[in-house]
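Contents: one structure, followed by commentary.
Residue numbers begin at 1 in each chain, while the letters A, B, ... track the order of the sequences. All of these numbers come straight from a predicted model, not from anything done at the bench.
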Amino acid sequence: MDKTYNHKLYEEKIYKKWETSGYFNPDNLPGERKETFSIVLPPPNVTGTLHLGHAAMLAVEDILVRYNRMQGKKTVWIPGTDSAAIATQSKVESVLYKEEGKTRHDIGRTELMNRIEAFIKDSESTIISQVKRMGSSLDWSRYAYTLDGTRYKAVMEAFVRMYKAGLIYRGNRIVNWDPQFQTTVADDEIEYKEQIDPFYYFKYGPFTIGTVRPETKFGDKYVVMHPDDKRYKKYKHGDKIKLEWINGPLTATIIKDTAADPEVGSGVMTITPSHSFVDFEIAKRHNLDIEQVIDEKGLLLPIAGEFAGQHIKKARPLIVEKLKQKGLIEKVDEKYIHKIAINYRGGGTIEPQIKLQWWVDVNKEIPERDNKSLKDLMREAIKSGATKITPSRFEKTYYHWIDNLRDWCISRQIWFGHRIPVWYKGEEIFVGTEAPKEKGWEQDPDTLDTWFSSGLWTFSTLGWPEQTEDLKNFHPTSLLETGYDILFFWVARMILMSSFLLGEVPFKQVYLHGLVRDNQGRKMSKSLGNIINPVDMIDKYGADAVRMSLIIGAAPGNDIKLSEDRIRGYRNFANKVWNITRFVTESESINTKSDKSVKTDDEWILEELKKTTLSVTKNLDKFKLNEAAEEIYDFVWHKFADIYIEKTKTKDGDNFGVRESAVPILQQVLEQSLKILHPFMPFVTEQIWHEMENDDLLLITAWPKV
RNA sequence: GGUCGCUUGGCUCAGUUGGUUAGAGCGUCUCGUUUACAUCGAGAAGGUCGGGGGUUCGAAUCCCUCAGCGACCACCA
């Protein structure tokens, strides 16, 4: 054995050895295994590269998987990658534009698909090999891709079943429209950004109305006020008044609605139902006309008169200028702070639009599920305890989210993804897993929201809708581990899908890890230049060290602050374990007979070993990985090495040695330490296991009985 | 505006049924070049556990209140 542990010499070889052993696949595990343990990996983007968030996720999941495998359970961890529809398509589109100056419409749907497929093929191996470098004991024989054949079947089946149950419908409703990507965006995929803009007060007949967006106001012909607002007592609901507006005279109608807050401004507002969620609701309540003002590209429509055809950004100052000339501006607040909605995937500013889209009805009662709605089912999964969330405080957040949940818009106007299994022929509509045979049917051009297919992930990866052995054995899965930032996006939707389609929860336990930040608590970003690349760190310090640094000090749900110093510290620990082994191995040949009163030392270390093992086991069962890892670290370094080993050393003149009676104890403690350390630091422990001339793999040895 | 969380030695953090002198890593200081390891060892300094009040025989841990920070959610035109 070398004097220091050099991870570069071993990690790749060890991973290969594990892979060829076949033990990542539960079907090959030795012995009779009755209990099962299953985790489905949250699929990273197929075109992405490994970041620290992935690394943290892989570390946590691999620890639990290795632990349960050693506990004698039939254990599977299923890998996969995600097509990341919008992100991938826009990446390919931007390359297309940069290199060839073309848009997707220039090359057509089929050609774009080909380009995307090629791009994915190129980059898929990158993320997979990076996942492997973390030591992830994933069963690659069960690898799934969100757009592969099996998953396609599942998505089609799910859509059709939900449609037949009346849970999916098509309707005209207001959506979040991204003019840049030309697609709808889900409520949760929106980010709000603070911005300073002028706030205008306009004269609207006898009233004063305020807005930051004059360009939407052309069609405003309803004035809304609170029914109890005394200032406007003389106006009755439905009254008509004539007034002068941007492009000439207009007849406005008075609407009394509680949505108007008397405390805000003048207490009066006009509405633009076509481009505002609130206004849309008001318009629907009172059955008002709804007129589109801005088109999908952000251009003004003919209703804008002389401004028609102009882009809203350019038109705004011109409109303000015109209003000024007409004497309709009362005042302007130049520094009004408000929030604008943007597509968090990096797209443009959201413009609400009314569109004919496909929706999932979250409130409809489902006869085959005891007349419960999807919302009810989602609540029940947690309330009944069928699924538990760690840390538990997120359960409250989860309920709150469900309470505010609106119908889910699942159609997207992009080409890359699962195409909606609906065909039209004139007024006729056909919904099925396969295209109708006769001619003349045209398929809906839209694709499904990526979270629709992700929602099926726990069972689509197990072969559903086929009733496979895997599905029977491994569903509901034991645990879902992910960052708390996608609790809503994903976790909630998996519960929704599984509850309806399978009548059971997708997982028994949710473990939410925190976000990885830099050592000052800042998010890692390119612009700050504080990104730590996990692959670089693995090169430098080894995967074991990276894993430990992401576990210790990271309580569930709390953000992790990481620095290179910490990673280095755990590299040192790996080396410590290595050298303990060298000492123990050497002790066999240099032991001396000088036995003194040392029985208490032996008893003490064995007692400590037992205590540590027990506590580590308990903490792993309770998902307290951070505490478990710290205990082992402390035991191995400060109890075993610093205290016990030092005490076994003997000195006779110039001859150094080891107390003979301690040799078997050293062996025993080392061996058991390696076992309980293995889930955390799999590479160095496996290599040592091999150096100690064991034939089997540490990977599948039995967890010490406690 | 609503909800949730955080505040423990210089820095980063543990501490879930309230119980003896409050822990770790990094950093700092002193000493040590003994063949397991300098990616090391021995030792040390450093905390009224954000402020105040309360419950209790006893609180970092439970309750109230104040302050600072952060996150998420929300339709302020």
Pair A/E191-A/K339, salt bridge (charged side-chain N to carboxylate O under 4.0 Å, His left out): steps then yes or no: CA-CA 9 Å; A/E191 242 167 30; A/K339 282 178 180 167; over 6 Å; no
Atom-to-atom span, CZ of A/R568 to P of B/C26 - whole angstrom: 9 Å
A/D261 and A/H226 side chains, donor-acceptor separation under 3.5 Å: no
Closest listed nucleotide, where the reference is the side chain of A/R393 and the choices are B/C4, B/C37, B/A14: B/C4
Distance, P atom - from B/A60 to B/C69, rounded to whole angstrom: 26 Å
Atom P, compared across B/U21 and B/U30: separation rounded to whole Å: 32 Å
Pairing partner of B/G70 (Watson-Crick or G-U wobble, both distances under 3.5 Å): B/C4
Proximal nucleotide (of B/A36, B/A77, B/U16) relative to the A/A260 side chain: B/A77
Ring geometry between A/H638 and A/Y633 (parallel below 30°, tilted from 30 to 60°, perpendicular above 60°): perpendicular
Options B/C26, B/C40, B/U16, nucleotide nearest the side-chain atoms of A/N572: B/C40
Phosphate OP1/OP2 of B/A36: any A/K649 side-chain N/O under 4.0 Å: yes
Nearest-nucleotide pick for A/N404, side chain only, options being B/C73, B/A42, B/C13: B/C73
Spacing of the C1' atoms in B/U17 and B/A36 (rounded, Å): 43 Å
Integer angstrom distance from the C1' of B/U7 to that of B/C66: 14 Å
Complementary nucleotide of B/A45, counting Watson-Crick and G-U pairs under 3.5 Å: none
Residue closer to the 5' end of RNA chain B, A/Y570 versus A/D559 (nearest nucleotide): A/D559
Sugar-phosphate only, base, or nothing, as touched by A/E646 at under 4.0 Å among non-hydrogen atoms: base
Plane angle bin for A/W245 and A/F202 - parallel if under 30°, tilted between 30 and 60°, otherwise perpendicular: perpendicular
Which nucleotide in B/C75, B/C76, B/A14 has an atom nearest any side-chain atom of A/N558: B/A14
Any donor-acceptor N or O pair under 3.5 Å, side chains A/H513, A/E481: yes
B/C37 phosphate, OP1 or OP2, under 4.0 Å from A/K3 side-chain N/O: yes
Distance below 4.0 Å between A/N579 side-chain N/O and B/U39 OP1 or OP2: no
N/O (side chain, A/K576) to phosphate O (OP1/OP2, B/G41) under 4.0 Å: yes
Rounded distance in Å between the P positions of B/G9 and B/G50: 8 Å
Residue A/Y336, side-chain heavy atoms: nucleotide from B/C75, B/C76, B/A14 that is nearest: B/C76
Candidates B/U16, B/A42, B/U39 - which lies nearest the side chain of A/R571: B/U39
Short side-chain N/O contact to B/G41 OP1/OP2 from A/W637, under 4.0 Å: yes
Spacing of the P atoms in B/C76 and B/G58 (rounded, Å): 50 Å
Candidate nucleotides B/C26, B/A14, B/A36, ranked by approach to the side chain of A/R582 - the nearest: B/A36
Gap in Å between the two C1' atoms, one belonging to B/G19 and one to B/C62, rounded: 14 Å
NZ/NE/NH1/NH2 to OD/OE distance under 4.0 Å, A/K313 and A/E215: no
Same-atom distance (C1') from B/U61 to B/G54, integer angstrom: 15 Å
Stepwise side-chain hydrogen bond (donor to acceptor under 3.5 Å, both in side chains) test for A/Y201 and A/D333: CA-CA 8 Å; A/Y201 292 90; A/D333 175 0; 5.3 Å; no
Side chain of A/A641 (C-beta onward), nearest among B/U39, B/A36, B/U12: B/A36
Nucleotide B/G5, atom C1' - distance to NE2 of A/H400 in whole Å: 15 Å
OP1 or OP2 of B/C4 under 4.0 Å from side-chain N/O of A/K396: yes
Whole angstrom value for the distance that separates C1' of B/A77 from NE2 of A/H275: 16 Å
Under-4.0 Å side-chain N/O to phosphate OP1/OP2 contact, A/H638 with B/G25: yes
Nucleotide nearest A/N575 when distance is taken to its side chain, options B/A77, B/C37, B/A14: B/C37
